[in-house]
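Presented below is the structure to which this report refers.
All residue numbers refer to positions in the sequence shown, counting from 1. Only heavy atoms go into these numbers, but all of them, side chains included; no hydrogens, no water, no symmetry mates. Read the numbers this way: they start at 1 and go in the same order the structure lists the ligands and their atoms.
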Amino acid sequence: MCGIVGYVGNRESTPLLLEGLRRLEYRGYDSAGVATMNGNGVEMRRAAGKIAKLEQAIADRPTHGSVGIAHTRWATHGPPTEKNAHPHMDEAKTIAVVHNGIIENSSSLKKSLEARGHVFASDTDTEVLSHLIEELFHGSLEDAVVQALKRVEGTYGIAVISSRDKDKIVAARKGSPLLIGVGKDEWFVASDVSAILAHTRDVVYLEDGDVAVLTRSGFRVIDHSQSTVTKVITQIDWDLDQIERGGYAHFMLKEIFEQPVTVENTMRGRMLQEEGTAKLGGLNLTDEQLLRIDNIIITACGTSWHSALIGEQLLEEFARIPVEVEYASEFRYKNPIVSDRTLCIVISQSGETADTLAALREAKSRGAKTLGLVNVVGSTIAREADGGIYLHAGPEIGVASTKAFTSQVTALTLLALKLGRLRTMSILQGRQVIAALSALPKQIEQILERAADVEAVAEEFKRAQNFLYLGRGYNFPSALEGALKLKEISYIHAEGYPAAEMKHGPIALIDEMMPVVFIAPHDAVFDKVVSNVQEVKARKGTVVAITTRDEESLEGLLDYEFRIPETMDMLTPILASVPLQLLAYYIAVKRGCNVDQPRNLAKSVTVE
Ligand code: AGP
């Protein structure tokens with residue numbers, strides 16, 4: 001997630017800007033920059049990578065001035081390089097802009113600006129703003145910004161400075177949060193209050209359409225017709241720690257609750273309703289190349305391996321291509337059968353998992369086409385794969401993966417849809433899948449509204465020593481994922497199993513001390529799951545079931561039940577995973593575990 005900080009007052013701005021950027025680090029980023037006004041002009045320093053790199057660049061060539069803006073960039077379009085880092089400037093270096101959001105009409109604006117002689121230095125959408133503002137500048141920076149924004153479609157939170165209208169920051173908001181900090185004879189602009197809380201608790205939240213003008217004598221807010229907008233000052237009574245988690249007790253909980261938006265973001269712009277297929281721009285494979293694929297290997301670790309198991313069923317059912325799922329740590333040391341008609345899909349939230357990266361390199365060295373399903377833009381796996389699908393789920397801070405999992409399954413469904421429609425899938429089937437995908441965000445919201453019901457179940461099991469998770473078909477991987485969530489944050493031993501496998505051993509474990517979670521949607525294998533529930537109940541096991549409707553056949557068999565909305569069989573893992581994430585979360589909290597940083601675990605296992 002990008003971050004914005006700005007300052008105008010009587011102190012040196014650079015240290016304050018860097019401090020603000022550091023406060024925003026938790027949001028995830030991959031490059032950063034500052035621009036300050038030093039009396040003669042605008043000075044800019046930028047660096048790819050962490051803020052320490054930017055600090056070094058500034059130490060090498062210090063910047064001065066008591067007016068400045070700064071930015072941390074989470075790359076969505078254009079790799080995380082120095083030239084793509086914000087701020088962005090016009091050719092004459094008189095205007096500097098930092099921007100959060102997406103300018104949807106940037107390519108047409110860029111073309112017309114280039115036709116009028118503007119020379120672009122980056123691959124970003126943001127740079128069109130600096131050239132537009134420069135072109136529209138006739139003495140007043142706020143006038144030029146308002147005129148420029150009238151030409152922009154999309155979302156933005158911006159801050160702008162110019163050596164042609166000194167000692168001023170112009171900020172504007174549409175769809176991307178931005179606020180003003182009111183200090184003592186100094187004013188701040190920020191995308192997140194954590195950046196400035198050390199200096200003031202008095203903030204003014206900007207609304208969409210607001211344009212703020214900050215100078216040494218104060219700030220005012222106008223709308224696009226330049227009429228004054230009255231704003232109230234809000235006093236912040238949160239502490240920094242709470243703010244970074246958006247008011248949630250833990251990042252994991254915040255990320256669980258982000259899933260209606262993150263699943264939407266994974267799908268955004270990638271579904272063609274009319275043609276009943278998916279549009280995946282980053283595959284870097286033509287339809288002919290996709291049609292030549294005669295076998296698929298999916299390789300990953302942990303939660304990503306679980307989504308791979310769902311992908312296997314999706315691709316075999318929709319695209320009728322044989323799929324092998326391999327633990328990356330195993331695949332890399334095997335002598336795998338790979339040809340130039342093999343597609344190797346590599347799934348990794350971080351894009352840096354050592355085993356997964358090694359597996360990717362192994363598959364590439366044997367001639368496979370490779371696709372990365374990755375969340376972190378510009379990560380090693382994303383860069384080394386031949387093509388890919390970014391999850392666009394935003395930074396996942398909690399070590400236990402939640403929103404990345406649901407976005408991975410969503411992305412795999414889109415890929416299976418595209419491949420299926422190239423082969424045997426009908427347009428009607430395709431439209432059905434798109435309709436079911438489109439309903440997911442709302443359905444996830446409905447589940448989250450009942451989080452308290454899951455917390456009540458967690459209260460019953462916070463002292464359990466063992467858990468079994470059982471599912472069939474698409475929900476065997478859901479069982480594995482539910483078990484992993486619980487064990488990795490609550491330290492309770494938990495196992496996921498195909499429900500039918502119970503009779504081949506694990507049923508010996510069942511007694512009244514063994515809670516068994518069944519994922520039991522009303523799908524193609526529901527009746528079989530009912531028999532497994534009966535087997536467990538007959539041995540006094542405690543049964544918790546995730547269901548999608550009132551089931552006469554389960555009458556009297558369930559100790560606890562959590563209802564999820566109905567959807568197509570292959571999408572039930574996305575909905576079923578939400579209560580299972582919450583169950584693990586609440587049990588772990590009730591056991592006093594460190595939910596965001598569980599013992600012995602790292603967010604990204606970059607070593608073997
Ligand atoms: C998931 O909750 C775990 N944190 C872990 O299994 C993780 O999924 C695994 O390490 C793979 O990480 P990646 O997706 O970043 O490659």
* **Structural part of Glu352 in contact with ligand 1, heavy atom criterion under 4.0 angstrom** => neither
* May I ask you to establish whether Lys50 and Tyr29 are in a cation-pi arrangement, using a distance under 6.0 Å from NZ or CZ to the six-membered ring centre and at most 45° from the ring axis? => yes
* **Enclosure of Glu324 CD (heavy-atom neighbours >12, cutoff 6.0 Å)** => no
* Just by modelled atom types, is the His392 backbone N or O under 3.5 Å from a matching donor or acceptor in the Thr266 side chain? -> no
* To do: Run the numbers for me: atoms of ligand 1, each under 4.0 Å from some heavy atom of Ser401, listed by number.
  => 1 (C), 2 (O)
* Asked: Nearest protein heavy-atom contact for atom 11 (C) of ligand 1: which residue, which atom, what distance?
  -> Cys301 O, 3.5 Å
* To do: May I ask you to identify the nearest protein heavy atom to atom 6 (O) of ligand 1, giving residue, atom name and distance to one decimal place in Å?
  => Gly302 CA, 3.2 Å
* Structure fact -> ligand 1 atoms nearer than 4.0 angstrom to some heavy atom of Ser304 are 8 (O), 13 (P), 14 (O)
* Please name the residue in the list Lys369, Arg320, Arg341 that meets the salt bridge (Lys or Arg N to Asp or Glu O under 4.0 Å) test with Asp294. => Arg341
* Asked: Which residue holds the protein heavy atom closest to atom 2 (O) of ligand 1, what is that atom called, and what is the gap in Å?
  -> Glu488 OE2, 2.5 Å
* **Exam field: side chain His71 to backbone Cys2, donor-acceptor pair closer than 3.5 Å** => no
* Could you tell me the residue and atom name of the protein heavy atom closest to atom 10 (O) of ligand 1, and the distance to it rounded to 0.1 Å? => Val605 CG2, 4.1 Å
* Could you tell me how the ring of Tyr585 sits relative to the ring of His250: parallel (under 30°), tilted (30 to 60°) or perpendicular (over 60°)? => perpendicular
* Using a strict cut-off of 4.0 Å, indicate which atoms of ligand 1 neighbour a heavy atom of Ala400. => 2 (O)
* Asked: What do we get for Thr303 next to ligand 1 when only non-hydrogen atoms under 4.0 Å count, side chain, backbone, both or neither?
  -> both
* Asked: Under 3.5 Å, is there a donor-acceptor pair linking the side chains of Thr402 and Gln259?
  -> no
* Structure fact -> If we number the atoms of ligand 1 from 1 as shown, the ones under 4.0 Å from a heavy atom of Lys485 are 1 (C), 2 (O)
* Taking the six-membered ring for Trp, are Phe467 and Phe461 parallel (under 30°), tilted (30 to 60°) or perpendicular (over 60°)? -> perpendicular
* Asked: So which protein heavy atom does atom 16 (O) of ligand 1 come closest to, and at what separation?
  -> Thr353 OG1, 2.5 Å
* Nearest neighbour in protein (non-hydrogen) for atom 4 (N) of ligand 1 -> Val399 O, 2.8 Å
